[in-house]
Amino acid sequence: MNDGYKIFRDAVRETADGWLADGLPSRQVLEESAARLRNFRKQMQIQGLWEKPPCMVTATLDDGLGQGLEIIEKFADAIGMRLVCLGLLQPAAAVVDACLDEEPDFLGMTILHFDTEEELTTIAAQLPQKTRIVAGGPAFTGDPDFADRTGTHYAAKNVAAFLRLMLSDAVDAH
């Protein structure tokens, strides 16, 4: 493996670990950090954490602002993922259709309310087998069993947890 990939992974790991230890910085600092990582990746002339970038479809079912999802998308881009951003307040059928068309490695979702449990469960049941749901939001923090009930593979507490998951995936891919 190219040393650039290792150097980049170390930079991403250092960023995530710092935030896990000290707490997340402001939104502005998060955005600046994503831009800095993206620029570093380009400077290193590498694809990202992976030599073959995974695909992630993103959407919200019940979030009309999407602030958390926007940060995740910025970091997914920074670490070299191929993104298909469906947007906010998507119907379950549109999410499923996009995942069937794209066959992504990940489906990134923000879930705010418990009343979307049935929709998320329906989505999980219809996804391509290789697609893993990575989601976050108050529904997951408010109910520790929500992820299991809905078929969500990983509930990310924040962007630092998301980055650690992606680092783990990148290492497993090699």
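Because only heavy atoms are used, hydrogens play no part in the values below, and waters and symmetry mates are left out as well, while side chains stay in.
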_Rounded to the nearest 0.5 Å, what separates atom NE2 in His113 from atom CG in Asp63?_
7.5 Å
*Would you say Gln47 and Arg41 make side-chain contact, with heavy atoms under 4.5 Å?*
no
_Polar side-chain atom of Thr122 near backbone of Glu118 as donor-acceptor pair, under 3.5 Å_ = yes
*Check ion pair Asp105-Lys130 (N to O, under 4.0 angstrom)*: yes
*Is it true that Phe75 and Phe162 have ring centroids separated by less than 6.0 Å?*
no
*Hey, could you give me the OH/CE distance between Tyr154 and Met166, rounded to the nearest 0.5 Å?*
8.5 Å
*asked:* I need the minimum non-hydrogen distance between Val96 and Ile123, along with the two atoms involved.
replied: CG2-CA, 3.8 Å
_His153 side chain to Ile133 backbone, donor-acceptor under 3.5 Å_ = yes
*At what distance, to the nearest 0.5 angstrom, does OG1 of Thr60 lie from CD of Gln67?*
12.0 Å
*asked:* Check this for me, if you would: do Arg36 and Glu32 make a salt bridge, where the nitrogen-to-carboxylate-oxygen distance has to be below 4.0 angstrom?
replied: no
*Transitive ILVMFWY side-chain link Leu83 to Leu100, under 4.5 Å*: no
_Under 3.5 Å: donor-acceptor pair, side chain of Gln90, backbone of Leu86_ = yes
*With rounding to the nearest 0.5 Å, note down the distance linking OG1 in Thr141 to CD1 in Ile111.*
12.0 Å
_Arg27 and Glu70 ion-paired at < 4.0 Å_ = yes
*asked:* Could you check whether any side-chain heavy atom of Phe106 comes within less than 4.5 Å of a side-chain heavy atom of Thr58, counting everything from C-beta outward?
replied: no
*Note, Met81 side chain near Pro53 side chain (heavy atom, < 4.5 Å)*: no
*Under the side chain to side chain contact (heavy atoms under 4.5 Å, CB included) criterion, do Met56 and Glu73 qualify, and how do the steps go?*
CA-CA 9 Å; Met56 183 167 74; Glu73 289 170 345; 5.5 Å; no
_Residue pair Thr131 / Pro104: nearest heavy atoms and the distance that separates them_ = OG1-O, 2.6 Å
*asked:* In this structure, would Leu88 and Val95 fall into the same cluster of hydrophobic residues linked by side-chain contacts under 4.5 Å?
replied: no
*asked:* Could you report the tightest heavy-atom contact between Gly108 and Leu69, atom names first, then the distance?
replied: O-CD1, 3.9 Å
_So that I can tick it off, tell me whether Lys74 and Asp77 are bridged by a salt bridge, with the cut-off set at under 4.0 angstrom between side-chain N and carboxylate O._
no
_Set out, in order, the CA-CA distance, both residues' side-chain angles and the distance that settles side chain to side chain contact (heavy atoms under 4.5 Å, CB included) for Arg132 and Leu107, then state yes or no._
CA-CA 6 Å; Arg132 292 172 281 166; Leu107 169 60; over 6 Å; no
_Side-chain heavy-atom pair Leu24, Val159 within 4.5 angstrom cut-off_ = yes
*Indicate yes or no for a side-chain donor-acceptor contact from Thr152 to the backbone of Ala155 under 3.5 Å, with no hydrogens or angles considered.*
no
*Answer yes if Phe40 and Ile46 sit in the same cluster of Ile, Leu, Val, Met, Phe, Trp and Tyr residues linked by side chain heavy atoms under 4.5 Å apart, and no otherwise.*
yes
*Going through the distances and angles, do Leu30 and Ser26 end up as a side chain to side chain contact (heavy atoms under 4.5 Å, CB included)?*
CA-CA 6 Å; Leu30 286 172; Ser26 69; over 6 Å; no
*Nearest-0.5 Å distance that lies between atom CD1 in Ile72 and atom OG1 in Thr110*: 7.5 Å
_Would Asp143 and Phe114 count as a side chain to side chain contact (heavy atoms under 4.5 Å, CB included) here? Give the steps._
CA-CA 9 Å; Asp143 180 351; Phe114 296 114; 3.5 Å; yes
*Determine whether the side chains of Glu117 and Thr150 contain a donor N or O and an acceptor N or O closer than 3.5 Å.*
no
*Using modelled atom types only, decide if a donor and an acceptor are shared between the side chain of Arg9 and the backbone of Leu49 within a distance under 3.5 Å.*
yes
_Nearest heavy atoms of Gly48 and Tyr5, plus distance in Å_ = O-CD2, 3.0 Å
*Look at the side chain of Ser168 and the backbone N and O of Arg164, then say whether any donor-acceptor pair between them is shorter than 3.5 Å.*
no
*Is Ile7 linked to Val12 within one hydrophobic cluster, defined over Ile, Leu, Val, Met, Phe, Trp and Tyr using a side-chain heavy-atom separation of less than 4.5 Å?*
yes
*Considering all heavy atoms, the nearest Pro25-Trp19 contact*: CD-NE1, 3.3 Å
*asked:* Testing the basics here: between Ala161 and Leu20, what is the closest heavy-atom pair and its distance to 0.1 Å?
replied: N-CD2, 4.2 Å
*Nearest-0.5 Å distance that lies between atom CG in Asp62 and atom CD in Glu119*: 8.0 Å
*Is Val84 linked to Val134 within one hydrophobic cluster, defined over Ile, Leu, Val, Met, Phe, Trp and Tyr using a side-chain heavy-atom separation of less than 4.5 Å?*
no
